[in-house]
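Atoms within each ligand, like the ligands themselves, are counted from 1 in listed order.
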Amino acid sequence: MTEPKNRRGLLIILSSPSGAGKSTLARRLRDWDPNLCFSVSATTREPRPGEVDGEHYRFITESEFKGLVTEGEMLEHAHVFGNFYGSPKGPVEEAINRGCDVLFDIDWQGAQQITNSVLGQHTLSIFILPPSIAELRRRLETRAQDDADTIARRMQKSWDEISHWGGYDYVLVNDDLDETEEQLKTILTATRLRRLQQPQLTDHVRALQTEFEELP
Ligand code: ADP
Ligand code: 5GP
């Protein structure tokens, strides 16, 4: 990997039970910072109405998916709701080396794999909780993307996802959307200032030292 010229890109992971609001929040973050890249996952599930291949997901077959895993092309992968999902490695490495932050909408299994990988030190993980289970169901129903069976399956799985909240750097309760968006921006702004994300500081401090030593 080559070093980025300036700030080093972050891997920002958003996880939540389905329906808690992570896609909505991710879209708002990108409206706020258009330089933010989305990691486009590959999946074996069928596209939903309105979903565009290459934009929302790369929709691929199970054998294509397994091939990518075997070739080591996936940063992480998991089996969720009966389908395979994974984050292709190439675009992520390319983006963070350019100093761009990459946003992942992935489940706890993927979050754990990335956090424990060599890229773990450049990762910011955030878990989004719903204000209540009743509200989670209401959001899944009003999103109107899934049939009743799928919603029931997502509700059943939600506790499994929530039970992993303790493994994340930050945990937000997404009650008021505007407030959660502000909290996310605050976290991201602060994390971008971590020493590790600013390799260019070494040169700056060196310049300060030179100037200091030349003081009359
Ligand atoms: P996820 O990506 O976590 O599955 P979505 O972002 O698709 O969830 O959100 C599910 C539904 O809930 C969407 O219709 C979205 O507009 C709505 N929603 C998200 N956050 C809030 C919030 N804080 N208050 C009310 N509705 C919300
Ligand atoms: P959906 O089918 O609703 O788009 O996504 C279902 C679940 O899969 C969500 O919890 C989502 O975060 C997760 N998911 C989507 N893409 C990936 C991925 O690339 N890796 C992992 N581990 N989970 C993913």
Side-chain angles (χ1 to χ4, degrees), residues 11-31 37-60 65 68-69 73-92 102-117 123 125-147 149-165 167-168 172-184:
L11 288 81
I12 306 159
I13 300 175
L14 284 185
S15 300
S16 77
S18 192
K22 60 192 173 312
S23 317
T24 308
L25 287 162
R27 277 195 299 274
R28 284 182 170 220
L29 268 189
R30 193 161 64 175
D31 289 346
C37 302
F38 280 3
S39 167
V40 179
S41 296
T43 183
T44 58
R45 86 149 158 74
E46 291 296 315
R48 296 192 192 115
E51 280 185 332
V52 178
D53 185 38
E55 188 182 322
H56 297 91
Y57 281 104
R58 273 172 62 194
F59 296 99
I60 60 176
F65 192 96
L68 289 172
V69 173
E73 295 291 329
M74 291 295 196
L75 197 54
E76 60 76 31
H77 60 94
H79 197 236
V80 189
F81 302 129
N83 293 298
F84 291 100
Y85 294 82
S87 310
K89 198 188 274 178
V92 176
V102 183
L103 206 116
F104 296 80
D105 170 342
I106 58 176
D107 82 330
W108 68 271
Q109 304 173 77
Q112 225 170 52
Q113 289 170 47
I114 294 182
T115 306
N116 293 333
S117 77
T123 298
S125 65
I126 302 159
F127 196 89
I128 312 289
L129 285 171
S132 68
I133 299 300
E135 173 62 10
L136 183 67
R137 182 194 296 276
R138 194 196 66 76
R139 288 183 192 172
L140 280 175
E141 286 168 354
T142 51
R143 185 168 71 178
Q145 275 183 343
D146 299 309
D147 57 36
D149 278 357
T150 309
I151 291 180
R153 220 151 30 93
R154 287 181 187 279
M155 284 301 295
Q156 277 217 317
K157 285 284 287 178
S158 63
W159 184 251
D160 182 34
E161 188 71 25
I162 291 173
S163 69
H164 293 93
W165 69 283
Y168 287 73
L172 305 177
V173 178
N174 180 23
D175 191 354
D176 180 87
L177 191 53
D178 291 340
E179 198 177 304
T180 314
E181 180 187 347
E182 284 312 309
Q183 290 170 339
L184 265 181

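- Within the 4.5 Å cutoff, the side chain of W108 has no heavy atoms near those of the F127 side chain.
- Close contacts between ligand 1 and G21 involve ligand atoms 1 (P), 3 (O), 5 (P), 6 (O), 8 (O), 9 (O), 19 (C) [criterion: under 4.0 Å to a heavy atom].
- The N/O atoms of E51, backbone and side chain alike, include none that comes under 3.5 Å of an N/O atom in ligand 2.
- How far OG of S18 is from CZ of R139: 12.0 Å, rounded to the nearest 0.5 Å.
- The aromatic rings of F65 and H77 lie perpendicular to each other, with more than 60° between the two planes, well past the 30° mark.
- Of the candidates R143, R138, R139, the one placing a heavy atom closest to atom 18 (N) of ligand 1 is R139.
- Within the model, atoms CD of Q183 and CG of L172 stand 5.0 Å from one another, a figure rounded to the nearest 0.5 Å.
- By the 3.5 Å distance cut-off applied to N or O atoms, N174 is counted among the residues near ligand 1.
- Of the possible donor and acceptor atoms, none in the side chain of E76 sits under 3.5 Å from a partner among the backbone N and O of A111.
- The nearest non-hydrogen atom to atom 1 (P) of ligand 2, considering only E161, R143, R48, M74, comes from R48.
- Residue contacts with ligand 2 for Y57 involve side-chain atoms from C-beta outward but no N, CA, C or O (heavy atoms, distance under 4.0 Å).
- When the heavy-atom distances from atom 22 (N) of ligand 2 to I106, I114, V40, D107 are ranked, the shortest goes to D107.
- The proximity of R154 to ligand 2, defined as any non-hydrogen pair under 4.0 Å, is limited to the side chain.
- Minimum interatomic distance between H56 and G50 (heavy atoms only, all atoms of both residues): CE1-O, 3.7 Å.
- No N or O atom of L25 sits closer than 3.5 Å to an N or O atom of ligand 1.
- When non-hydrogen atoms are compared, ligand 1 lies under 4.0 Å from the backbone of S23 as well as from its side chain.
- Nearest to atom 15 (C) of ligand 1 among the protein's heavy atoms is T24 OG1, 3.6 Å.
- Taking the six-membered ring where the residue is Trp, the centroids of F104 and F38 are separated by 6.0 Å or more.
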Evaluate R138 against E141 for salt bridge (charged side-chain N to carboxylate O under 4.0 Å, His left out), listing each step before the verdict.
CA-CA 5 Å; R138 194 196 66 76; E141 286 168 354; over 6 Å; no

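- Cation-pi contact between R45 and F59: absent, since separation from the ring centre below 6.0 Å together with deviation from the ring axis within 45° is not met.
- Heavy-atom contacts from other residues, nucleotides or ligands closer than 6.0 Å to CZ of R137 number 12 or fewer.
- The S16 neighbourhood of ligand 1 comprises atoms 3 (O), with distances under 4.0 Å to a heavy atom of that residue.
- By the criterion of a heavy-atom distance under 4.0 Å, the backbone of D175, and not its side chain, is placed next to ligand 1.
- The shortest N or O to N or O distance between E76 and ligand 2 is below 3.5 Å.
- Among protein heavy atoms, the minimum distance from atom 2 (O) of ligand 2 is reached at Y85 OH, 2.5 Å.
- Rounded to the nearest 0.5 Å, atoms OG (S39) and NZ (K89) are 13.0 Å apart.
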Give the C-alpha distance, both sets of side-chain angles, the deciding distance and a yes or no for side chain to side chain contact (heavy atoms under 4.5 Å, CB included) between S87 and I106.
CA-CA 8 Å; S87 310; I106 58 176; 3.9 Å; yes

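- Pairing each heavy atom of T180 with each of D175, the nearest pair is OG1-N, 3.9 Å.
- Distances from atom 16 (N) of ligand 2 to the heavy atoms of S15, A78, S23, S41 put S41 nearest.
- Numbered from 1 in the order shown, with element, the atoms of ligand 1 that lie under 4.0 Å from a heavy atom of S18 read 4 (O).
- An N or O contact shorter than 3.5 Å links G86 to ligand 2 by distance.
- The heavy-atom pair separating K22 from P17 by the smallest distance is NZ-O, 4.1 Å.
- In terms of protein heavy-atom proximity, atom 11 (C) of ligand 2 is closest to D105 OD1, 3.6 Å.
- For ligand 2, the atoms lying closer than 4.0 Å to a non-hydrogen atom of K22 are 12 (O).
- A distance-only check finds no donor-acceptor pair linking the side chain of E135 to the backbone of S132 [under 3.5 Å].
- Residue G110 has at least one heavy-atom neighbour below 4.0 Å for each of these atoms of ligand 2: 22 (N).
- Among all protein heavy atoms, the one lying closest to atom 7 (C) of ligand 2 is V80 CG1, 3.8 Å.
- Of all the atoms in ligand 2, the ones that sit under 4.0 Å from a non-hydrogen atom of R45 are 1 (P), 2 (O), 4 (O).
- Of the protein's non-hydrogen atoms, G19 N, 3.5 Å is the one closest to atom 1 (P) of ligand 1.
- Applying the 4.0 Å criterion to heavy atoms of S87 picks out, from ligand 2, the atoms 19 (O).
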